[in-house]
**Q** 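One structure, as structure tokens, below. Some questions next.
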Amino acid sequence: MTDFHFETVPLAQVKNTEDLYQSEVNLTKGDVHNYTLFNLAYSRVHSPNLEDVRKGIPILQKLCVPGTDQRDYVYYLGLAFFRLGEYEKALAHTRRVLTMEPNNRQAQALHDAIQSKLKSDGALGMAIVTGGLAIGVGLAALLLRR
């Protein structure tokens with residue numbers, strides 16, 4: 001598995017990006033450039049605050065329009081869902097990037113990290129179920145002995 005690592009940005013940077021976005025909204029009467037929207041989404045997806053990450057998702061979804069290069073938008077949607085623990089959605093987005101660009105190492109690393117997380121969560125889930133069953137059987141045996 002490829003090691004996966006991403007950096008969070010300081011909250012001050014998120015705030016600065018939000019201020020730049022709002023300035024452009026005011027100057028253009030809402031006709032904001034995709035570059036500005038992407039920068040806002042990027043800073044939110046990389047924020048240490050998960051609520052900011054959630055706020056980045058609809059911006060990226062808005063940017064994913066037919067006829068545009070969606071690769072970066074889709075990748076960061078995958079990263080956002082990964083950060084939020086929505087692994088199936090994250091996996092769908094990384095698969096989409098890898099369909100567009102099969103040799104994209106960044107998307108492959110995220111894809112591998114998601115798969116690893118799904119496997120470890122599945123193993124943990126099985127351990128919890130198995131442990132719960134063992135406790136249940138043990139309690140039933142104690143009750144039957146009485």
Side-chain angles (χ1 to χ4, degrees), residues 1-25 30-144:
M1 182 183 115
T2 306
D3 286 332
F4 179 74
H5 178 74
F6 68 93
E7 298 287 331
T8 58
V9 298
L11 288 174
Q13 183 176 334
V14 177
K15 174 78 169 103
N16 184 46
T17 308
E18 290 171 347
D19 291 345
L20 291 171
Y21 165 78
Q22 194 56 53
S23 293
E24 190 169 328
V25 166
D31 189 23
V32 178
H33 290 97
N34 285 353
Y35 179 79
T36 303
L37 286 171
F38 179 71
N39 284 339
L40 177 60
Y42 178 93
S43 69
R44 286 184 172 170
V45 167
H46 285 82
S47 172
N49 179 342
L50 292 182
E51 188 54 40
D52 287 335
V53 175
R54 280 184 192 82
K55 289 178 182 178
I57 291 172
I59 298 168
L60 291 164
Q61 290 170 329
K62 179 181 177 181
L63 290 168
C64 286
V65 295
T68 63
D69 182 5
Q70 300 177 20
R71 185 181 49 229
D72 288 339
Y73 309 146
V74 176
Y75 171 79
Y76 286 107
L77 278 165
L79 178 60
F81 286 120
F82 176 76
R83 295 206 51 218
L84 295 172
E86 297 182 37
Y87 302 122
E88 293 298 333
K89 288 180 182 179
L91 199 57
H93 285 86
T94 59
R95 284 182 181 138
R96 192 167 153 207
V97 174
L98 292 168
T99 298
M100 291 182 247
E101 188 179 332
N103 296 322
N104 185 315
R105 289 193 284 157
Q106 186 180 28
Q108 188 63 57
L110 177 55
H111 184 80
D112 292 347
I114 296 163
Q115 296 252 4
S116 177
K117 188 69 174 157
L118 285 169
K119 284 179 188 172
S120 69
D121 284 1
L124 178 61
M126 287 300 292
I128 290 170
V129 169
T130 303
L133 285 173
I135 290 170
V137 169
L139 288 174
L142 284 174
L143 292 173
L144 289 174

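For reference, positions follow the sequence shown, starting with 1.
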**Q** Counting C-beta onward and ignoring hydrogens, is there a side-chain heavy-atom pair between H46 and V14 closer than 4.5 Å?
**A**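 Contact flag for H46/V14 side chains = no.
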**Q** Roughly how far, to the nearest 0.5 Å, is the NZ atom of K89 from the CD1 atom of I57?
**A**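 I57 atom CD1 to K89 atom NZ measures 7.5 Å (nearest 0.5 Å).
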**Q** Check side-chain contact (heavy atoms from CB on, under 4.5 Å) between Y21 and all other residues, then give those that pass, not counting sequence neighbours.
**A**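 V25, V32, T36, L37, L40.
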**Q** Who are the side-chain contact (heavy atoms from CB on, under 4.5 Å) partners of E88, not counting sequence neighbours?
**A**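 Counting only residues at least two positions away or on another chain, E88 forms a side-chain contact (heavy atoms from CB on, under 4.5 Å) with L91, L118.
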**Q** To the nearest 0.5 angstrom, please state how far the CD atom of Q22 sits from the NZ atom of K15.
**A**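 Rounded to the nearest 0.5 Å, the CD-NZ separation comes out at 9.5 Å.
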**Q** Which heavy atom of N104 sits nearest to which heavy atom of A107, and what is that distance?
**A**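 Taking every non-hydrogen atom into account, OD1-N, 2.8 Å.
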**Q** Could you give me the CA-CA distance, side-chain angles and deciding distance for D112 and Q108, then say whether side-chain contact (heavy atoms from CB on, under 4.5 Å) is met?
**A** CA-CA 6 Å; D112 292 347; Q108 188 63 57; 2.8 Å; yes
**Q** Using side-chain heavy atoms (C-beta onward) and a distance below 4.5 Å, is R96 in contact with M100?
**A**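 In contact.
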**Q** Check side-chain hydrogen bond (donor to acceptor under 3.5 Å, both in side chains) between S43 and all other residues, then give those that pass, not counting sequence neighbours.
**A**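 Checked S43 against side-chain hydrogen bond (donor to acceptor under 3.5 Å, both in side chains); zero matches.
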**Q** State which residues pass side-chain contact (heavy atoms from CB on, under 4.5 Å) with L50; sequence neighbours excluded, sorted by chain then number.
**A**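 Result, side-chain contact (heavy atoms from CB on, under 4.5 Å) vs L50: V53, R54, R83, L84.
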**Q** Report the residues that fulfil ring pair (Phe, Tyr, Trp, His ring centres under 6.0 Å) with Y87, sequence neighbours left out, ordered by chain and then residue number.
**A**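 By the ring pair (Phe, Tyr, Trp, His ring centres under 6.0 Å) rule, Y87 matches F82.
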**Q** Under the ring pair (Phe, Tyr, Trp, His ring centres under 6.0 Å) rule, collect the residues that match up with F81, sequence neighbours excluded.
**A**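 Ring pair (Phe, Tyr, Trp, His ring centres under 6.0 Å) check on F81 returns H93.
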**Q** Ring centres of F38 and H33 under 6.0 Å apart?
**A**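 Not under 6.0 Å, so no.
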**Q** Can you tell me how far apart OG (S120) and NZ (K117) are? Round to the nearest 0.5 Å.
**A**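 Reported to 0.5 Å precision, the distance equals 5.0 Å.
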**Q** Is any side-chain heavy atom of L110 closer than 4.5 Å to a side-chain heavy atom of L79?
**A**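 Yes, their side chains come closer than 4.5 Å.
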**Q** With side-chain contact (heavy atoms from CB on, under 4.5 Å) as the criterion, how do N34 and Y73 come out once you've worked through the C-alpha distance, each side chain's angles and the decisive distance to 0.1 Å?
**A** CA-CA 11 Å; N34 285 353; Y73 309 146; 4.3 Å; yes
**Q** Looking at CD1 of I114 and CD of E86, how far apart are the two atoms once the value is rounded to the nearest 0.5 Å?
**A**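 If we round to the nearest 0.5 Å, I114:CD1 and E86:CD are 11.5 Å apart.
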**Q** Do any N or O atoms from the side chain of S23 and from the backbone of D19 form a donor-acceptor pair under 3.5 angstrom?
**A**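 Indeed, once roles are kept as given, a pair shorter than 3.5 Å links the two residues.
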**Q** Could you tell me which residues satisfy side-chain hydrogen bond (donor to acceptor under 3.5 Å, both in side chains) with H111, sequence neighbours excluded, listed by chain and number?
**A**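 In terms of side-chain hydrogen bond (donor to acceptor under 3.5 Å, both in side chains), with neighbours along the sequence ignored, H111 is linked to T94, Q115.
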**Q** Among residues at least two apart in sequence or on other chains, which ones pass salt bridge (charged side-chain N to carboxylate O under 4.0 Å, His left out) with D69?
**A**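 Listed in chain order: R71.
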**Q** Please identify each residue that fulfils side-chain hydrogen bond (donor to acceptor under 3.5 Å, both in side chains) with Q106, with sequence neighbours left out.
**A**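 With neighbours one apart ignored, the set is empty.
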**Q** How would you list all residue pairs meeting side chain to side chain donor-acceptor pair (under 3.5 Å) that involve residues 55-64, not counting sequence neighbours?
**A**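 For residues 55-64, and leaving out neighbouring residues, there are no side chain to side chain donor-acceptor pair (under 3.5 Å) pairs at all.
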**Q** On a heavy-atom basis, which atom in A41 and which in G56 lie closest, and how many Å separate them?
**A**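 Between these two residues, the closest heavy atoms are CB-O, 4.0 Å.
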**Q** Could you tell me which residues satisfy side-chain contact (heavy atoms from CB on, under 4.5 Å) with P48, sequence neighbours excluded, listed by chain and number?
**A**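 In terms of side-chain contact (heavy atoms from CB on, under 4.5 Å), with neighbours along the sequence ignored, P48 is linked to T8, L11.
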**Q** Looking only at heavy atoms, what is the nearest atom pair of V45 and Y76, with distance?
**A**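 Heavy atoms only, the tightest pair is CG1-O, 3.9 Å.
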**Q** Considering only residues two or more places apart or on different chains, which pairs with a residue in residues 52-72 satisfy ring pair (Phe, Tyr, Trp, His ring centres under 6.0 Å)?
**A**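 Not a single pair qualifies under ring pair (Phe, Tyr, Trp, His ring centres under 6.0 Å).
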